[in-house]
Amino acid sequence: MSVPQQTQSESSNGGLQSGLKQRHMAMIALGGVIGAGLFVGSGVVIQSAGPAALISFMVTGVLVILIMRMLGEMACALPAVGSFYEYARMAWADSPQTSQLAGFLTGWMYWYFWVIVVAVEAVAGASLIQFWMPDVPAWAISLVLMIILTFTNLCSVASFGEFEFWFSSIKVAAILVFLLLGGLYLLGMWPTETHHGLSSMLSNGGFMPNGIGPVLTGAVAATGFYFGAEIVTVAAAESSDPVRSVARATNSVITRVLFFYVGSILLVVTLVPWNSPAMLTPYSSALAAMGFGWTAHVMNAIVLTAVLSCLNSGIYASSRMLFALTKRGDAPRGLAKLSSKGVPRRAIFFGTLFGYLSVVMSYVSPDTIFAFLVNSYGTVAIFVYVLIALSQLRLRAKLEREAPEKLKVRMWCYPYLTYVAIIGMLGIVTGMAFIPEQRMPLALGVVSLAILLLAFLSRSIWRRLKGLPAVVPVSS
């Protein structure tokens, strides 16, 4: 077996423009893990697991750190449009059918995840804006948000990067200010008479009041909160210096995960009782505990920024993955058409069309179709991570044998930590079967996987009936 040699069309960016600057890439990487899940969803995990939610986020955070390191290794050694979609194909290059299946599943599952995120964030954004504009219909707000950010992505990759730069800057600044204020408060350097200390998080039933079960459940939920860190490897194809951008991002992910997530959640559980109704809005309540009772509007604006960032990133990531799928014949070639500014407009329209339909379903059929989409996409994200780890396991072995000079970034303790990541992700999936509230998301995720397998099988049969080659040639 040999490391696949990329053709000129594969090694280039396929016609996409290198419009993302270093500051764009830096902020995409920095803000990629900070989503609405941190500001809102973390409270649900804490209410279930208690202060031990720290373990939930730490365990999943370590797995995400390992996955990002693997992506960094592959992206620096083999830069490619489509990132881990291409790596899945390269990893099984010695078996063309397996190679196509691995790429097909990875690409379409990733696309599916982000188009659902687009719909979910559009609905969430509407509810946040209704905080200030209660009389405006939620569906109308969702529609306006999607139109604005779709237009932003249609203009140029630079406009996406500029919006994401400012969205991420606000999110990062908010977390940094929160960490600074919370740290000063806990150290007793705050002008109030009473101070919470680390001991306060043990005063309501202890560190793990509900046992280990909710901690494991929280780890499952936290996986979805972290998803998005890998976007920087997708965006690298449109940056001026992809290798440098990816190397920096993967080297800094440890700090981002531990500092932003674990650090801020540690402050939340020391400032707000885990079993308090106030934990539904964890960061607002923590600020209120420090004397900032006026923070409701500010935090609502910050969470809205996080939601819009996810919506913006979702449109971008889904369109670029779909564009990569077209180059291998895994999606209709007509969707590969680029505008004069190198933007895959048809791929953007196709993804947002799915998003628009999902938003409609959120109001027309919230308990059936939309519930299926929302409950399945988190499990699909875990499947993507597993495929990334399996791809790195095989590609690293090939690179070490045939092109070790390409390994500018190396996965730590290979192959042992790769196995740890695979076992950890499979452990999360297995654990979902034993957690009552996670059984439905697991089942629906498996159904989504089965639908994609059926789609791949149908495509293979159709090609055979048409007399077409089993291996789809790369589009030039």
**Asked** Can you tell me if CZ on Phe434 sees more than 12 non-hydrogen neighbours from other groups inside 6.0 Å?
**Response** no
If only atom types and distance count, is the side chain of Arg333 paired as donor or acceptor with the main-chain N or O of Thr326 below 3.5 Å? yes
- Query: CZ of Phe163: more than 12 outside heavy atoms within 6.0 angstrom?
  - Reply: no
Report task. For Thr281 and Ser284, test the side chains for any donor-to-acceptor distance below 3.5 angstrom and give the result as yes or no. Result -> no
Does the pair Tyr112 and Tyr377 meet the rule for a ring-ring contact (aromatic ring centres under 6.0 Å, His included), with working shown?
CA-CA 7 Å; Tyr112 176 76; Tyr377 81 117; 7.9 Å; no
d(Met70 CE, Gln392 CD) to nearest 0.5 Å is 5.5 Å
In plain terms, say whether Lys21 and Glu162 are close enough for a salt bridge, that is, a side-chain N and a carboxylate O under 4.0 Å apart. no
TODO: Take Lys398 and Asp94, measure what side-chain contact (heavy atoms from CB on, under 4.5 Å) needs, and give me the verdict at the end.
DONE: CA-CA 11 Å; Lys398 295 179 182 181; Asp94 54 309; 3.9 Å; yes
| Would the number of heavy atoms belonging to other residues, nucleotides or ligands and lying under 6.0 Å from OH of Tyr363 be above 12? | yes
- Can you find a pair of side-chain heavy atoms, one from Met74 and one from Ile388, that are under 4.5 Å apart? yes
>> Between Glu238 and Arg320 (salt bridge meaning N to carboxylate O under 4.0 Å), is one present in this structure?
In response: yes
inquiry  = Please determine whether the number of non-hydrogen atoms from other residues, nucleotides or ligands lying under 6.0 Å from atom CE of Met440 exceeds 12.
reply    = no
To the nearest 0.5 Å, atom CZ of Phe39 lies from atom NZ of Lys171 at 7.5 Å
Given side-chain contact (heavy atoms from CB on, under 4.5 Å), test Phe84 with Val234 step by step and report yes or no.
CA-CA 8 Å; Phe84 40 89; Val234 177; 4.0 Å; yes
Margin query: Using side-chain hydrogen bond (donor to acceptor under 3.5 Å, both in side chains), reason through Ser309 and Glu164 one step at a time and then give a plain yes or no.
Written below: CA-CA 6 Å; Ser309 174; Glu164 197 56 32; 2.4 Å; yes
Would you call the rings of Phe227 and Tyr110 parallel, tilted or perpendicular if under 30° counts as parallel and over 60° as perpendicular? tilted
query: Ignoring hydrogens and geometry, is there a side-chain-to-backbone donor-acceptor pair from Thr106 to Ala88 under 3.5 Å?
result: no
Worksheet item: Taking the side chain as C-beta and beyond, is there a heavy-atom pair between Tyr356 and Val118 under 4.5 Å?
Response: no
(message) With a 4.0 Å cut-off on N to O distance, would you call Arg328 and Glu86 a salt bridge?
(response) yes
Pairwise side-chain contact, Leu387 with Met109, heavy-atom cut-off 4.5 Å (strictly under):
yes
Are Ser169 and Met27 close enough, and set up right, to give a side-chain contact (heavy atoms from CB on, under 4.5 Å), and what steps lead you there? CA-CA 7 Å; Ser169 296; Met27 209 43 85; 3.7 Å; yes
Discussion item. Quick check: do Ser48 and Val45 have side-chain heavy atoms less than 4.5 Å from each other?
Written reply: no
Please assess Tyr85 against Trp108 for the test ring-ring contact (aromatic ring centres under 6.0 Å, His included), listing each intermediate value before the final yes or no.
CA-CA 9 Å; Tyr85 160 69; Trp108 278 110; 9.4 Å; no
Min side-chain heavy-atom separation Leu453-Leu105 under 4.5 Å:
yes
In short, Ala102 meets Trp92 closest at the heavy-atom pair CB-CE3, 3.8 Å
Between the side chain of Ser168 and the main-chain N/O of Phe165, is any donor-acceptor distance below 3.5 Å? no
Distance col, row Thr430:OG1 vs Leu442:CG, nearest 0.5 angstrom, shows 8.5 Å
>> Under a 3.5 Å distance rule, please check whether Arg346 uses its side chain to pair with a backbone N or O of Gly334 as donor and acceptor.
In response: yes
Per side chain to side chain contact (heavy atoms under 4.5 Å, CB included), Leu311 is matched among Leu145, Thr150, Val117 by Leu145
Practice problem: Determine yes or no for a side-chain-to-main-chain donor-acceptor pair under 3.5 angstrom, with Glu230 supplying the side chain and Gly228 the backbone. | Solution: yes
Here the pair of heavy atoms bringing Ala126 nearest to Ala138 is CB-O, 3.3 Å
d(Ile129 CD1, Ser142 OG) to nearest 0.5 Å is 8.5 Å
Scanning both residues in full, the closest heavy-atom pair of Ala219 with Ser56 reads N-CB, 3.6 Å
Note: Thr379 and Gly445 closest approach over all heavy atoms is CB-CA, 3.9 Å
Interatomic distance, CD1@Ile28 vs OG@Ser239, rounded to 0.5 Å, equals 9.0 Å
Any donor and acceptor pair, going by atom type alone, linking the side chain of Thr152 with main-chain N or O of Ile148 inside 3.5 Å?
yes
- prompt: Got Phe260 and Ser264 here, is their nearest side-chain heavy-atom distance under 4.5 Å?
  reply: no
In terms of heavy-atom contacts, Lys408 and Cys76 come closest through NZ-O, 4.4 Å
- Message: So does Ile315 get a backbone contact from the side chain of Ser318, meaning a donor-acceptor N/O pair under 3.5 Å?
- Response: yes
Pairwise side-chain contact, Asn312 with Glu121, heavy-atom cut-off 4.5 Å (strictly under): no
Would a distance-only check, ignoring hydrogens and angles, find a side-chain to backbone donor-acceptor pair under 3.5 Å from Tyr87 to Gly103? no
Open item on the list: What verdict does the side-chain contact (heavy atoms from CB on, under 4.5 Å) test give for Leu66 and Thr418, after you've listed the backbone C-alpha separation in whole Å, the side-chain angles of each residue and the deciding distance to 0.1 Å?
Closed with: CA-CA 7 Å; Leu66 296 179; Thr418 300; over 6 Å; no
CG (Leu454) and CG (Leu449) are apart, to the nearest 0.5 Å, by 11.5 Å
Notebook entry, point to check: Can you tell me if Tyr261 uses its side chain to pair, donor with acceptor, with the backbone of Phe225 under 3.5 Å?
Noted result: yes
**Item:** Donor-acceptor under 3.5 Å (Arg396 side chain, Tyr414 main chain)
**Value:** no
Q.
Does Trp412 have more than 12 heavy atoms from other residues, nucleotides or ligands lying within 6.0 Å of its CH2?
A. yes
In short, Val215 meets Ala52 closest at the heavy-atom pair CG2-CB, 3.7 Å
Heavy-atom check, side chain of Val307 versus side chain of Leu128, under 4.5 Å = yes
